[in-house]
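Computed from heavy atoms alone, side chains included, the values below leave out hydrogens, waters and symmetry copies.
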Amino acid sequence: MPDEFIAQPSRDVDAIVRLVADTAPAMLAYFDADTRTCRFANTHYAEHFGHTPQSIVGLDVQEIMGELVWAQIEPYLDPVSVDNAQTMRYTRQFKNEIGKVQHIEAVLRPHEENGVLKGLVALMTDVSHHHQVTQQIRDNEERMRKFAAITTEAIVLHRDGIIIDGNDALSRLVGYTINELRGTAILDYVSPEVRLRALKNLRSESEDRHESVAVHKSGLHIPVEVEAKTMPGENDSHRIVVLRDMTDRLQTRQRLDFLAQHDLLTHLPNRARLNHLLSDAIAKAAGQQSRLAVLSLDLDQFKFVNDSLSHRAGDLLLCEMAQRIQSALRPQDIVARVGGDDFVIVLPNNPSLLETEALVAQLRTPVEAPYQVEGTQLNVSLSVGIAMYPNDGQCPEALLSNAEAALQMAKTRGRSFTQFYTPALEGRATRMLMQEQMLRNAVERGEFELHYQPQTLIHSGKLAGFEALVRWKHPHRGLVSPNEFIGFAENRGLIAAVDRWVLNQACRQAKTWQNDGYPPVPVAVNLSAQEFRQRDVVQEVAQVLDDTGLDARYLHIEITETTLMLSGTHMQQTLHALKSLGVGLAIDDFGTGYSSLAYLRKHPIDRLKIDRSFVSDLPHNPDAAAIVNAIVQMGQSLHLEILAEGVESPEQLHMLRQMGCAMMQGFLVSAPMPADRAAAWMSQQCQMLQRQ
């Protein structure tokens with residue numbers, strides 16, 4: 001048979017071998033045992049060392065791999081011999097052309113025939129990805145180990161309720177070492193009263209956060225918050241449980257609850273707590289068809305102590321008085337401080353009128369005994385008003401109100417009087433007298449609080465100022481809005497004192513905000529017609545600005561149209577004098593009074609405030625929209641700032657923006673806020689504008 005017919009199958013086999021070898025993802029080569037030269041290499045192997053399958057043939061190992069690689073693999077090649085014809089495996093690493101470390105796993109398999117070593121098959125595989133994954137697992141395990149060690153939260157791993165591991169925080173929480181904990185039941189460290197619930201969570205593999213109680217080695221019970229997750233494993237799953245010690249949190253919560261329900265000075269129940277206790281006492285008395293007495297107490301001339309000595313002296317006096325009252329009462333009696341020098345006592349257990357009066361007499365002895373306060377002897381007297389359940393009221397509000405009415409009547413009779421409530425006190429004249437007396441007391445004691453409502457620029461939302469709005473801290477009703485007492489204060493000649501307090505406090509607060517780094521913006525205060533008619537307003541404003549250090553441009557004074565019209569030429573002179581100081585002037589509730597162009601031209605007005613009644617009707621009342629638009633246009637032509645009051649909806653804001661109104665004020669921006677909340681609001685607005 002001709003030689004070409006024999007060679008043809010051999011060439012086909014070689015081509016097939018080459019195809020298979022080049023298709024394999026591994027690097028494959030064959031080296032002669034005697035010469036250690038390459039007789040065959042697939043494309044991957046050759047290209048890895050910078051050759052082609054043809055050029056690499058005939059090169060020895062050292063020539064192919066270079067000195068550095070040869071130094072790494074030479075120890076693995078020496079043991080390969082006829083006497084030790086076994087497969088060798090090793091892994092080496094190198095940096096590729098971009099400097100990245102790669103790992104190569106090599107398998108060296110000897111080729112022998114009849115006990116003679118013919119050659120060596122080299123199979124190399126890039127296992128870099130495997131090494132990366134393995135290293136990532138090691139890194140993750142190390143991170144988790146360090147995290148578990150550094151965290152203050154206790155971490156425990158268990159399988160079927162048997163602890164398999166934990167961190168140092170767990171050991172600190174329960175007082176046992178980790179070795180002592182391993183292999184024990186996790187329920188052994190749960191308080192018996194919550195163990196059943198813990199068992200249910202364990203069996204259901206619940207992942208809901210819940211509260212439980214851990215037991216320390218010393219027997220101490222520790223409140224904890226528990227959060228558990230199921231962690232899958234190769235063969236089975238286990239649970240990882242995080243326990244957070246809630247001791248500090250519960251103590252803080254209890255402290256906050258106490259502060260919310262008790263007076264900070266005397267630690268007696270405050271008004272909120274009193275209402276709760278009184279409601280319970282009424283419910284109990286109703287069930288037993290018995291009486292109870294509510295006593296409203298007030299120290300006569302307590303303001304004299306604060307003014308002549310100091311507020312510290314007044315506080316010390318109140319604390320001593322609170323202790324004397326508590327010492328004189330029975331364990332079942334309730335005493336609370338509801339503000340200033342006002343105390344309330346509740347006498348349960350069906351007291352008669354005579355028994356109540358006798359207890360008041362008994363109470364006077366320790367309370368009215370001389371006090372030694374900072375080296376000064378003080379003599380005080382006590383006025384008491386009494387209301388009886390159920391005749392004088394059947395709810396806390398009625399009983400407290402009627403006891404207060406009786407107290408005010410007692411105070412009108414002089415010092416150290418006791419007055420039981422009678423229906424005659426419900427007469428209108430008496431009620432007015434009581435209200436006036438309470439308001440006078442509020443003025444004397446400064447029982448007011450300012451809330452601040454932001455005024456913003458419509459086009460940007462930037463803060464333009466605040467309006468200061470007064471609230472009365474009523475001894476029984478809490479915060480009372482100005483609508484309920486300003487008119488009464490004006491009728492009784494008390495509004496000037498309220499105005500002076502508001503002016504001083506608002507200027508002082510505006511300066512405090514500036515000193516604290518908040519953006520300097522004006523604060524607006526309302527002054528009544530009486531203030532302009534009866535006092536030297538210019539001198540008073542100048543004095544307040546001097547006392548507080550507030551620049552005059554950051555004070556705006558608001559007056560009503562009626563005040564402006566009824567005050568004649570005196571008002572014109574006063575406003576020009578205020579303008580000379582640098583104070584801003586605004587007309588409040590514009591549109592509800594005379595709305596005369598004459599006085600707008602005659603007086604140095606800076607701003608018109610559109611009354612809320614027109615703004616509220618904007619979306620659905622064309623007449624209101626026409627009036628608002630006319631005011632805006634008129635103000636712009638007179639170069640006046642225009643501010644819309646009572647803006648509460650996006651629709652109103654949209655219409656005002658279209659009309660060209662410059663500023664707004666209302667619940668759409670914010671309700672009036674106490675000073676601390678207003679400061680927080682400013683901080684938030686500054687952050688928002690910075691982000692924009």
Item checked: T512 and N515 side chains, donor-acceptor separation under 3.5 Å -> no
Notebook entry, point to check: Would you say the ring centroid of W513 lies under 6.0 angstrom from that of F466?
Noted result: yes
Item checked: Residues R89 and E105 bridged, charged N to O under 4.0 Å -> yes
Check: Is the shortest distance from a Lys or Arg side-chain nitrogen in E449 or R471 to a carboxylate oxygen in the other one below 4.0 Å?
Finding: no
Margin query: Does Q665 form a side chain to side chain donor-acceptor pair (under 3.5 Å) with K609? I'd like the steps, not just the answer.
Written below: CA-CA 9 Å; Q665 174 181 346; K609 298 186 69 176; 3.2 Å; yes
Margin query: Please enumerate all residues that pass side chain to side chain donor-acceptor pair (under 3.5 Å) together with Q62, with sequence neighbours excluded.
Written below: E67
Next item on the list: Return yes if a side-chain donor-acceptor contact under 3.5 Å exists between N179 and R182, otherwise no.
Entry: yes
Check: Between CZ of F31 and CG of D60, what distance do you get to the nearest 0.5 Å?
Finding: 8.5 Å
Notebook entry, point to check: Hey, what's the ring geometry for Y176 with Y189, parallel, tilted or perpendicular (30° and 60° as the breaks)?
Noted result: perpendicular
Item checked: Short side-chain to backbone donor-acceptor contact, E180 and T177, under 3.5 Å -> yes
Note to self: Between R18 and D22 (salt bridge meaning N to carboxylate O under 4.0 Å), is one present in this structure?
What the structure shows: yes
Next item on the list: Taking atom types as modelled, find out whether D168 and S171 have a side-chain donor-acceptor pair closer than 3.5 angstrom.
Entry: no
Checklist line | Q453-E467 side chain donor-acceptor pair, cut-off 3.5 Å | finding: no
Next item on the list: Determine whether the side chains of T91 and H103 contain a donor N or O and an acceptor N or O closer than 3.5 Å.
Entry: no
Check: Do R239 and T230 have side-chain atoms, one donor and one acceptor, less than 3.5 Å apart?
Finding: yes
